[in-house]
2 protein chains.
Amino acid sequence: MEYDISKRKAQILRAVVEAYVKGGEPVGSKYIAQNMMPNCSPATIRNEMAELEVLGYLEQPHTSAGRVPSELGYRFYVDCLAGEYKKTKAETEVMAERLRGKQHELDKILAEASRLAGSMTNYTAIAVKPRTDMSKIIRFEVMYFDSRNLVLVMLSGSGNAKTRNLRLSFDVLPTDAAHLASTLNMYIAGHTLDEITLPLMMQAEAEMGSEARLLSAAMKEIYSGMEEQSGGEIKVDGVDRLLSYPEFSDVGKLRGLLGAIESKDGILDTISNIDGDELSVVIGRENMSDSMSDSTLVVKKIKKDGKVVGAIGIIGPCRMDYANVMATVDALAESVGKMINSELRMLEGPKKGKE
Amino acid sequence: MEYDISKRKAQILRAVVEAYVKGGEPVGSKYIAQNMMPNCSPATIRNEMAELEVLGYLEQPHTSAGRVPSELGYRFYVDCLAGEYKKTKAETEVMAERLRGKQHELDKILAEASRLAGSMTNYTAIAVKPRTDMSKIIRFEVMYFDSRNLVLVMLSGSGNAKTRNLRLSFDVLPTDAAHLASTLNMYIAGHTLDEITLPLMMQAEAEMGSEARLLSAAMKEIYSGMEEQSGGEIKVDGVDRLLSYPEFSDVGKLRGLLGAIESKDGILDTISNIDGDELSVVIGRENMSDSMSDSTLVVKKIKKDGKVVGAIGIIGPCRMDYANVMATVDALAESVGKMINSELRMLEGPKKGKE
DNA sequence: TTTAGCACTCTTTTAAGTCGAGTGCTAACC
DNA sequence: GGTTAGCACTCGACTTAAAAGAGTGCTAAA
């Protein structure tokens, strides 16, 4: 965290990063001297840049080209930025406003927020929804649709509900549905998959009496419902935007990144490896996945009641407009956080209005 | 449908398509004469090809390059193929097998089938799930989670269920949940959004008595649930595979296509414009969306009980291995169809075993 | 410590020239 | 008439050479 660098070096480094991010081409001493640091001569800048290079903050694509920030250079830049990337209050308000409306389901809010982040920054956005736990169902409900179709509703301990259609090959009555529900609640609810033993099943079957076949049809769906992990998903928005950056005009690089985005594992890994709750920036090879080693990921987790319920982020080339991206992701994540937590407050009525 | 073309022309056209699909480079008369039609001289082929060009089946990137099929050329080829692209029974069986296991939810089956299609053909796969209709809710259920959290289950006329979490700012009892459910079923169920008038609401509120606030909390969720069209979704798999085809090494073309895939509207339009239920191949500009005018879409709808419940398909460049893609998509769609319809049969037990 | 000057390096651009694949056409052939 | 051989011609792809330009590193002076 402690970078041992003279003030002027830092200033030059910063200038290089910003110029390079903006222009996309290696930046030379002359440019810096003229545009960003008018009180230094090119030669001075050159000397400093040469030193920054041996320190590892800058790189030279080849002799007689300008300098380009190394990953370390970006890292330094980002760390310096840490304090000052916030959006203004007004901007934040605008974003929050655009998020309103859709404030119903968490998935939707996350997706919308990430989409917004993508379009505001012109990079690819991701929304992460963590796995929801269905390993223990605490309550069942059975709805009667018609004599051959029931709907099975399963409620997990964490409050997630999942529904399954039960299509039968025999006729049942509404009372059978109710009977099934009460049987399930009595014998199956509250158990994990492992705990549902044969004796338990037999008891349940006995309870169902003549409608045991209804139970077995239901159990089949329950098994599959409990086994499958819904969630752990990433929604991606705006892959096409990647193509507007020259670093991805090389099909090879693009392909790797696209693959990584699609497989999702690497990204999930990276995100789950992030410690704090703060905005985090993963630059180049800091990423777990090799195919993302030319890209940067900016993410922020979103918490509800102290628990991580998702994350939104931006993926782009290392040469990225960090200030803007960081400010946007941070503000949006913040907004989402407030929004999903304020549902409480809103309903609770006036209460230490914190705003 | 009636192409007025000599047998030999058709043969040459076919040869050109196949050679071009395989090699990716304009194919010349000599190549055809040597490899595909040994009993003709290059000159003859040349003459024929020149005629095929004025007829619009072939194109020439520039003088002194070989010929390339035009869209019409591909169309002809595909139409000719109509009969003979089927997979063998054994292959079909293998695919069906790989689909088994996941046979629970339609979404999953579709997604899995399309993923399989993509990996078998090395193109980008899509799975389409049509809009599910929630405009009229025929039945409500309310599950009691804890004193401040309920789960609201809504069942539409078409049998789709949707759940919403109801987070309250006041405490309720399990009996309140039941009461809410019966009130909703009495006053709200069976109506569309428009039909829920103020008087109706007031009646319902009166019915709820002191727990009217519970009703209003629920109504908020119901409104949002009914308004939102879930579904109409496209799941895409394997965009990165597009990059392995030289036609998309041009970033511009790729960008358009990626955009189209992402916005999804164009694709949905195209698909919903397809008339029959058969496998259909939409080549180049036959697509609705401009940005897909260099791509081909191969889709097949999937029906259940005579109703379209989804579709799977493949997107790739016009220069596509049509025979393989068509066979794969067709067979997979077929398998999925059988699978979701056989759930019935399986449960019904032995019955005119059709296989 | 900073700066001006200058030779040097290395990419990018431009131009010219060559190569080769494939065509279209004409004339001979069956 | 349909088919084939031969040949001139076209046009992109590739190669090579040269010129241009940008930026550096180093030296020496301020």
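Labels below follow one simple rule: chain letters A, B, ... track the order of the sequence lines, proteins then strands, and each chain is numbered from 1.
Between B:Asn39 and A:Val27, the residue anchored nearer the 5' end of DNA chain D, judged by the nucleotide with its closest heavy atom, is B:Asn39. Comparing A:Glu53 and B:Arg8 by the nucleotide of DNA chain D whose heavy atom lies nearest to each, the residue mapping closer to the 5' end is B:Arg8.
For B:Arg46, the side-chain atoms get nearest to C:dG24 when compared with the rest of D:dT24, C:dG24, C:dT2. For B:His62, the listed nucleotide lying nearest its side chain is D:dC11; candidates were D:dC11, D:dG25, C:dC10. Of the candidates D:dG25, C:dT9, D:dC11, the closest approach to any side-chain atom of B:Ser64 belongs to D:dC11. Closest to the side chain of A:Gln60, from the set D:dG25, D:dA5, C:dG24, is D:dG25. The side chain of B:Thr44 approaches D:dT3 more closely than any other nucleotide in the set D:dC26, D:dG12, D:dT3.
Between the side chain of A:Lys30 and the main chain of A:Pro42, no donor-acceptor pair closer than 3.5 Å is present.
Under a 4.0 Å N-O distance rule, the pair B:Glu18/B:Arg14 qualifies as a salt bridge. Remark: A:Lys89 does not engage A:Glu334 in a salt bridge, criterion side-chain N to carboxylate O under 4.0 Å.
Ring pair B:Tyr123/B:Tyr245 is parallel by interplanar angle, where below 30° counts as parallel and above 60° as perpendicular.
Here C:dG22 presents its P atom at 11 Å from CG of B:Asn35, a figure rounded to the nearest Å. Spacing between atom CD1 of B:Ile32 and atom P of C:dT23 amounts to 9 Å, rounded to whole angstrom units. Taking atom CD1 of residue A:Ile45 and atom C1' of nucleotide D:dG25, one finds them 16 Å apart after rounding to whole Å. Atom pair A:Arg67:CZ and C:dC10:P shows a separation of 14 Å (rounding to whole Å applied). Between the CD atom of A:Glu25 and the P atom of D:dT24 there is a distance of 14 Å, given to the nearest Å. Atom OH of B:Tyr20 is separated from atom C1' of C:dA21 by 16 Å (rounded to the nearest Å). Summarising the geometry, the separation between CG on B:Asn47 and P on D:dG2 is reported as 11 Å, rounded to the nearest angstrom. Whole-Å rounding puts the A:Met49 CE to D:dG25 P distance at 8 Å.
Counting non-hydrogen atoms under 4.0 angstrom, B:Ala65 reaches the backbone sugars and phosphates but no base. A:Thr63 comes within 4.0 angstrom of the backbone, heavy atoms only, and of no base.
Remark: aromatic rings of A:Tyr322 and A:Tyr85 are distant, center separation not under 6.0 Å.
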